[in-house]
Amino acid sequence: METLHENMTKLSELYLDQVNLSSLLPQSLSNLSSLTHLSLEECNLQGEFPSNIFQLPKIQVIDLTSNDMLTGFLPEFHSSSNLEYLNLYSTSFSGTLPNSIGNLESLNVLSLAFCNFVGAIPSSIGNLSQLTHLDVQFNNLTGQLPPSLGNLSQLTDLILIYNNFSGKLPSTLGNLSKLINLFLDTIGVSGELPSTLGNLRQLEYLDVVGNNVNDRIPSSLANLTRLTELYLYYNGFIGELLPGITNLTQLENFGISHNSLSGVIPSSLFTMPSLRKLQLEVNQFTGPLTIQNVSSSQLTSLSLSDNKLSGQIPRSISNLKNLASLSLASNNFSGTIELEVFSKLSNLSALLLSDNNLSVTYTNANFTLPKFISLGLSSCNIGAEFPDFLRTQDELEQLDMSNNKIEGKIPNWFISVGIQTLSHLNLSHNSFTGWETAQPILPWNNLRILDLSSNMLQGSLVLPPLSIQYFLISENQMSGRIDPLFCNSSDLEVLDMSNNLLSGTIPPCLGSISVYLLVLSLKGNNFQGELPQTFLDGNNLMTLDLSQNQLQGKIPQSLIKCRALEVINLGHNQLSGTFPFWLQNLPELQVLVLRSNKFYGPIWHPHRFVGFEKLRIVDLSFNNFGGSLPSGYFRNWSAINTDVSSQNRSKLVYMANREGYYQDSVTVMNKGLEMVFVKILTIFTSIDLSHNNFHGEIPTTIGDLPSLIVLNLSSNHFEGLILSSLGNLKQLESLDLSNNKLVGRIPQQLASLTFLAYLNLSMNQLTGPIPQGGQFSTFPISSFVGNVELCGFPLSKKCGIGDEPPTPDEEPESENGFSWKAVLVGYGCSFVIGAIGGNIVISKKPNWLVRIYGRRL
């Protein structure tokens with residue numbers, strides 16, 4: 001199609017839909033002065049579209065749908081244009097929308113979806129008085145939505161999905177009296193939902209998902225009596241559910257999950273005549289669940305998980321005869337619920353009751369349960385024997401029986417349950433001891449996620465099927481070697497065998513088992529020999545935890561291929577060699593633990609050390625590293641150089657793999673204690689160089705790390721003064737400089753560290769008075785012992801005349817030396833450690849399947 005025959009100049013319509021042209025459009029197309037219709041849908045066109053075609057004098061229809069290699073820009077449009085239909089759906093057109101687009105007064109349909117347009121929607125869009133369909137979804141449009149949108153009086157479809165607008169929704173949208181479909185999913189708007197939307201009496205579909213729209217749901221939405229679909233997910237709505245919602249008698253699907261709604265769920269919801277799908281999960285609804293007079297209910301899906309509902313699950317729920325999916329997980333329901341209640345729901349395929357205060361019981365009575373596809377009974381006080389009712393569940397795809405009290409062997413009959421269908425199985429946190437008959441290879445052909453962690457499993461490792469992606473068997477008593485057949489699991493993404501009794505060498509193939517491997521955790525076993533030496537090019541490994549074993553040799557430099565690595569934990573082994581400077585080249589590295597090994601030599605080299613851009617947690621303690629550190633050693637540690645004081649620290653975010661099924665953990669020395677953090681806050685920062693042979697002065701740039709929370713330089717040979725610039729570390733909670741050769745006075749600036757909860761300056765050569773005020777009034781004598789020339793509270797040695805330093809805040813002290821201000825500051829400190837205190841435990845509870853069952857299904 002390089003040229004056009006001269007006889008085509010009078011052509012009025014050209015349709016080449018789904019003809020694989022695989023070429024550029026000829027410029028000569030713009031010579032077709034009689035052309036009215038041009039349709040080139042799915043022609044695999046490439047290159048730039050001739051912009052003159054938009055301005056052909058008689059052109060009415062241009063359809064370039066699904067030519068994703070076709071580029072171009074919208075030209076300036078003339079007021080004489082006859083264009084009625086313009087569809088650039090899924091092309092690579094880009095640039096801004098010209099203000100002259102308002103000249104297309106004959107335009108009925110404008111689809112610019114899935115393109116690369118940027119900038120604001122011009123206010124001239126309001127001139128398109130004939131427009132019925134406007135679709136700009138999946139671009140990068142910005143700015144505020146123009147109020148002139150309300151001038152499009154003929155508009156029936158407005159689709160703005162996935163853009164980056166700002167500001168509030170214009171109230172003029174309420175002028176679109178003919179609007180039938182309004183799609184506002186994830187467009188970046190904020191503020192309240194305009195009450196004028198209640199004027200859209202023809203509206204059938206309203207989607208405002210994933211914005212920052214907050215405040216109360218306007219009661220005027222109850223006027224939209226033709227609505228069949230209403231989606232308000234992932235916003236910040238507060239208050240009670242939409243008043244008058246039962247007026248929406250045509251409503252079939254109602255979703256308002258992931259908000260902050262509260263109050264009682266009205267029982268009238270369950271009697272709405274057309275409602276089929278009701279999703280109210282992840283809110284703050286309270287009180288009992290009341291279901292009555294629902295014999296005519298059409299509900300097929302009911303999700304109330306992640307609320308604060310209480311009381312017993314009403315037996316009347318069995319009157320919702322059409323239910324296919326029921327999720328009541330993660331509430332405060334209590335009492336006992338018999339599975340027999342659900343035997344009347346013959347269509348029920350998904351039942352999720354996990355994480356309540358329930359006791360789920362079952363008998364061998366003559367009732368038949370429906371065939372479940374997804375069954376979530378985590379934390380339901382199911383005890384002793386393996387649940388017999390599972391014998392008949394041969395269609396199961398997802399089963400969560402974690403966190404119960406089931407004991408003994410996994411019975412043989414369970415192996416045949418869902419043998420062709422089962423994809424997710426979670427039996428973690430029970431008391432299983434093994435399989436009734438040893439299973440060398442599990443037979444579930446489509447199993448992708450298997451969690452057997454935190455049981456009492458003994459014997460050799462069971463082999464998962466080749467389909468496995470997530471295999472977690474940590475916190476058990478498995479022994480023996482890892483079978484090399486594991487290396488056939490080419491789809492493996494997470495492998496966690498930590499804290500067992502496994503021994504032997506790590507199969508070399510584990511480093512190259514799968515390009516998809518995200519997590520390899522074998523910590524807390526008895527592995528010997530060397531680390532895997534070969535890692536795949538282009539791999540996606542994010543976490544490597546081989547700590548607490550007996551591994552020897554050097555860190556393989558092939559780890560440099562793991563460009564996605566965020567966590568390297570090789571602590572508590574017998575590894576040796578010099579500091580691996582090449583680790584600086586891992587662009588995503590955030591956690592590096594080499595604690596308790598046999599490493600030696602300097603950690604700084606004038607030509608080999610630059611710094612770690614994203615490193616937040618580093619632990620090199622209990623090795624034989626040595627030498628001095630230059631004053632600028634920490635200059636390029638960008639992640640700790642960032643000041644987090646202005647960030648919202650109440651929103652806790654933890655390190656996890658991409659799907660969120662696995663969360664990293666780490667052990668750090670904090671506040672003088674060894675703590676296991678089963679979750680790692682992304683704002684937690686720590687530097688531990690203790691128990692080595694460093695000497696010289698402490699690097700001055702350590703005072704330029706404003707987000708540092710833990711600093712431990714104890715048991716070295718550091719000399720000189722304590723840096724007064726440590727007073728700049730406003731987030732610091734734990735400081736240990738003990739067992740060094742530091743001299744001089746304790747800087748008064750340390751008294752300004754209001755988060756400092758632990759201080760150890762013992763066993764140095766410090767002199768003079770101990771600073772008073774702030775947190776210093778809360779530290780014990782042990783923080784200062786071994787410095788014979790120190791004086792002042794809390795030591796018994798009094799300071800002489802002229803020794804007392806100026807106190808920045810004079811305040812009366814109690815007779816024991818404590819001031820009320822210091823006590824109050826002490827109670828208010830340590831936000832981060834307090835925030836993760838609930839996660840400082842010996843073992844972790846995986847929550848991935850709870851999330852899948854409780855929220856995703």
query: Just how far is it from atom CG of Leu145 to atom CG of Leu141, taken to the nearest 0.5 Å?
result: 9.5 Å

query: Atom CD1 of Ile373 and atom CG of Leu351: how far apart are they, to the nearest 0.5 Å?
result: 12.5 Å

Glu340 side chain to Tyr362 side chain, donor-acceptor N/O pair below 3.5 angstrom: no

query: Within a radius of less than 6.0 Å around OH of Tyr234, do more than 12 heavy atoms belonging to other residues, nucleotides or ligands occur?
result: no

Any side-chain donor near an acceptor of the partner, Asn181 and Asp157, under 3.5 Å: yes

query: Got more than 12 heavy atoms from elsewhere within 6.0 Å of CZ, Phe333?
result: yes

field: Pair Glu252, Ser274: side-chain N/O donor-acceptor within cut-off below 3.5 Å
entry: no

message: Could you check whether Tyr231 and Tyr205 have their ring centres less than 6.0 Å apart?
response: yes

- request: Just do the side chain to side chain donor-acceptor pair (under 3.5 Å) check on Gln398 and Ser374 with the steps written out, would you?
  value: CA-CA 5 Å; Gln398 299 176 329; Ser374 182; 3.3 Å; yes

- line: Of all heavy-atom pairs linking Val360 and Ile382, the shortest is O-CG1, 3.9 Å

query: For Leu377 and Asn404, which heavy atoms make the closest approach, and how far apart are they?
result: O-ND2, 2.9 Å

task: Mind listing the closest non-hydrogen atom pair of Arg616 and Ala639 along with its distance?
output: CG-CB, 3.7 Å

task: Output the distance between atom CE (Met542) and atom CG (Leu520), rounded to the nearest 0.5 Å.
output: 14.0 Å

statement: Between Ser354 and Asp400 the two heavy atoms that sit nearest each other are OG-OD2, 4.3 Å

- prompt: Between atom CG of Asp451 and atom OG of Ser474, what is the distance when rounded to the nearest 0.5 Å?
  reply: 7.0 Å

task: State whether a side-chain donor-acceptor pair under 3.5 Å links Ser379 with Asp355.
output: yes

message: If we ignore hydrogens and angles and just use 3.5 Å, is the side chain of Asn163 paired with the main-chain N or O of Phe165 as donor and acceptor?
response: no

message: Whether the Glu475 and Ser454 side chains hold a donor-acceptor pair (N or O, under 3.5 Å, no angle test) is what I'd like checked.
response: no

query: Under 30°, 30 to 60°, or over 60°: which ring-plane class applies to Phe386 and Phe432, parallel, tilted or perpendicular?
result: tilted

task: For a side-chain hydrogen bond (donor to acceptor under 3.5 Å, both in side chains) with Asn253, tell me which candidate from Gln279, Glu229, Lys277 qualifies.
output: Glu229

- prompt: Judged by modelled atom types alone, do Gln393 and Lys371 share a side-chain donor-acceptor pair under 3.5 Å?
  reply: no

- request: Kindly state each residue pair satisfying salt bridge (charged side-chain N to carboxylate O under 4.0 Å, His left out) with at least one member in residues 310-339, sequence neighbours excluded.
  value: Arg315-Glu338

message: Quiz question: by atom type and distance under 3.5 Å, do the side chains of Arg448 and Gln469 form a donor-acceptor pair?
response: yes

message: How long is the straight-line distance from OG of Ser305 back to CG of Leu328, given to the nearest 0.5 Å?
response: 8.0 Å

query: Is it true that the side chains of Asn322 and Asn347 contain a donor and an acceptor less than 3.5 Å apart?
result: no

statement: Scanning both residues in full, the closest heavy-atom pair of Lys168 with Gly191 reads CG-CA, 4.3 Å

message: Within this structure, what is the OG-CG distance for the pair Ser310 and Asn332, rounded to the nearest 0.5 Å?
response: 6.5 Å

task: Could you walk me through whether Asn235 and Asn212 pass the side chain to side chain donor-acceptor pair (under 3.5 Å) test, one step at a time?
output: CA-CA 5 Å; Asn235 281 288; Asn212 295 312; over 6 Å; no

Check: Ser402/Ser378 side-chain N/O donor and acceptor closer than 3.5 Å: yes

- prompt: If every non-hydrogen atom of Asn211 is compared with every non-hydrogen atom of Ile187, which pair is closest and at what distance?
  reply: OD1-N, 2.9 Å

